[in-house]
2 protein chains.
Amino acid sequence: MPKTNMKDTIKNVSIDLFYKKGYFASSINDIARAAGIQKSSIYYHYSNKEDILFDILKTAMIDLDSKLESRLAGIKKTEERMRTAIYCHTLFHMRRQKEVLISDSELRGLTVDNYKIIIEMRDKYDRKFQSILKKGMDEGVFAENNYKILSNAIITMCTAVSIWFNPHGQLSKEKIAQIYADFNLKAIKV
Amino acid sequence: MPKTNMKDTIKNVSIDLFYKKGYFASSINDIARAAGIQKSSIYYHYSNKEDILFDILKTAMIDLDSKLESRLAGIKKTEERMRTAIYCHTLFHMRRQKEVLISDSELRGLTVDNYKIIIEMRDKYDRKFQSILKKGMDEGVFAENNYKILSNAIITMCTAVSIWFNPHGQLSKEKIAQIYADFNLKAIKV
DNA sequence: GTCTATAGATGGATAGAC
DNA sequence: GTCTATCCATCTATAGAC
């Protein structure tokens, strides 16, 4: 059985709270109560409230990017790379629903330096989609179009699955990711 | 020239503040300062802070729905109705960027009763998209698929244009709405 | 309709004991 | 590593004068 780590506990209850009530509406006191400790004890593990948020956002971004990289490894065909990227992105946004929703609505809770770090990671990730899409257009497998606009459109659609996805619904995460991949591939192909 | 109405001023500066800093991070004091009055004067126009948020969200939802209705009026062909709905929804989410972004991230600021009212309006609006999409599938002009999933996918994609759209970018709002309509129509057609 | 003044609660964060 | 106690800033909202 895994060692109970208080820092992880704080992080996990914070994910729940930020997801349910939002970052600003969740107090240090709320977090402490959920973690079963006094609020001052939080500061032994994290230097301040923003630090918890930053930890959550950074971890989510790192995991998202590494999932993409490992899924894409070895795939050569551009069409298949695009399909895989969309499938992977959509699946992640259902599996890690709470964290990605926090990522998308609580960025304003970060001070400038931390904000820049997350935005840079996100831009780098986005450019991977853009480059696959552009390559497909150059190769003639995808219809010529504004690749930045389409890339934004596709990524935001697949990101937003986290907003409406219901874990207790009828369709599996994998089936929904499949529908999303098919939908977008059909739209971009020549 | 239009009469300067303090209630409207409060509403407008609140839209700016909620958009920039978020609802919980914006204080009554911030709003008062931006409106050029003392914070106690806010309470002459609105009974509390949530009332301002609710006013913003309700107005946005009413306007969104009435835009759709007037655009759809007289259009018979299902494919054209779908195209118009997508175009209209996307355009609105660029024209009213701030308000719709608040709508999508600050719903948690509402108490239960107000929350229910907004969600009900939103569901009713969503069902209009679902019904057009389903009709197209029944008629055989759209490919058979899970119409609820696809409807969610399309609506959230077009809603999310508000996240990345840059008013100072090269493409016009109308051009982007056109790209979005074309993209989605291509994806759903048989 | 806007002001000054303030109540009353809660926020993030720190000091220092154990 | 967690506790009690507390500081001080800020928050929403109200009372009552003008």
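Note that the coordinates shown come from a computational prediction; the quantities given were computed from them, not determined experimentally. Every chain is numbered from 1, with letters handed out A, B, ... down the list of sequences.
When the C1' atom of dT14(D) is taken as reference, atom CG of N48(B) falls 13 Å away, rounded to whole Å. For I42(A) and dG12(C), the CD1 to C1' distance is 12 Å, given to the nearest whole Å. The nearest whole Å value for the distance from the NZ atom in K39(A) to the P atom in dC7(D) is 13 Å. When the C1' atom of dA13(D) is taken as reference, atom CD1 of I52(B) falls 12 Å away, rounded to whole Å. In this structure, L53(A) atom CG and dG12(C) atom P are separated by 13 Å, rounded to whole Å. The separation between I28(A) atom CD1 and dT6(D) atom P is 21 Å, rounded to whole Å. The separation between N29(B) atom CG and dA9(D) atom P is 15 Å, rounded to whole Å. The distance between atom CD1 of I10(B) and atom P of dG1(C), rounded to the nearest whole Å, is 11 Å.
The cationic group of K173(A) does not satisfy the cation-pi geometry with F92(A), failing either the under 6.0 Å distance to the six-membered ring centre or the 45° limit from the ring axis. A cation-pi arrangement, defined by a distance under 6.0 Å to the six-membered ring centre and an angle within 45 degrees of its axis, is present between K134(A) and Y147(A).
Using a 4.0 Å heavy-atom distance criterion, S27(B) is classed as a sugar-phosphate-only contact.
The nucleotide whose nearest atom lies closest to any side-chain atom of S41(B) is, among dA13(D), dT2(C), dA13(C), dT2(C). Looking at the side chain of Q38(A), the nearest of the listed nucleotides dT4(D), dG12(C), dC3(C) is dT4(D). Distances from the side chain of I37(A) to the nucleotides dG12(C), dA13(D), dC3(D) place dC3(D) closest. Between dT14(D), dG12(C), dT2(C), one nucleotide has an atom nearer to the side chain of H45(B) than all others, and that is dT2(C).
Look at Y44(B) and you won't find any side-chain N or O under 4.0 angstrom from OP1 or OP2 of dT2(C).
Taking the six-membered ring for Trp and the full ring otherwise, the centers of H89(B) and Y125(B) sit less than 6.0 Å from each other.
Atom OH of Y115(A) sits in a sparse spot, with 12 or fewer heavy atoms from other residues, nucleotides or ligands closer than 6.0 Å.
Judged by closest nucleotide on DNA chain C, D30(A) is the one of D30(A) and S40(A) placed further toward the 5' end.
Ion pairing between a basic and an acidic side chain is recognised when a charged N comes within 4.0 Å of a carboxylate O; K128(A) and D65(A) show such pairing.
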